[in-house]
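These values consider heavy atoms only, across backbone and side chains, with no hydrogens, waters or symmetry-generated copies.
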Amino acid sequence: MTADGQSRVETKGFVGSECQQASRFMEQALGSRQGEHLKAEFHQTSVSEQQRTSQG
């Protein structure tokens, strides 16, 4: 929590939008979201997504 009472949620170990799904419950518990910073991992695809794309 910051000095002005804001909280920050940061996920690790996720790729793509999995991070948003994993942290959704926490965001709902804390209240409204003020902003979002997407890390490089968000723009990566998981192995299963890569396999589906190549098999497509």
Side-chain angles (χ1 to χ4, degrees):
M1 186 174 291
T2 63
D4 62 357
Q6 293 185 11
S7 297
R8 178 180 173 182
V9 175
E10 182 176 345
T11 59
K12 294 182 181 187
F14 297 96
V15 293
S17 62
E18 294 173 352
C19 58
Q20 292 172 323
Q21 296 167 8
S23 64
R24 185 169 290 130
F25 80 96
M26 190 69 103
E27 291 177 8
Q28 291 172 342
L30 292 171
S32 64
R33 182 186 340 171
Q34 299 297 314
E36 182 175 57
H37 174 75
L38 302 175
K39 299 190 297 184
E41 291 87 347
F42 179 82
H43 302 285
Q44 294 176 347
T45 57
S46 68
V47 173
S48 61
E49 276 186 63
Q50 291 171 357
Q51 289 173 345
R52 280 192 305 243
T53 303
S54 65
Q55 292 173 356

What pair of heavy atoms forms the shortest contact from Ala22 to Phe14, and how long is it?
CB-CZ, 3.4 Å
Output side-chain donor-acceptor pairs under 3.5 Å for residues 26-36, partner residues at least two apart or in another chain, one line each.
from, atom 1, to, atom 2, distance (Å)
Glu27, OE1, Arg33, NH2, 3.4
Ser32, OG, Gln34, NE2, 3.4
Arg33, NH1, Glu36, OE1, 3.3
Arg33, NH1, Glu36, OE2, 2.8
Glu36, OE2, Gln20, NE2, 2.9

Should side-chain heavy atoms under 4.5 Å link Ile, Leu, Val, Met, Phe, Trp and Tyr, which residues sit in the same cluster as Leu38?
Phe42
Partners meeting side-chain hydrogen bond (donor to acceptor under 3.5 Å, both in side chains) with Arg8 (sequence neighbours left out):
Glu10
Those residues that, when tested against Gln21, pass side-chain hydrogen bond (donor to acceptor under 3.5 Å, both in side chains) (two or more places apart)
none
Partners meeting side-chain hydrogen bond (donor to acceptor under 3.5 Å, both in side chains) with Glu41 (sequence neighbours left out):
none
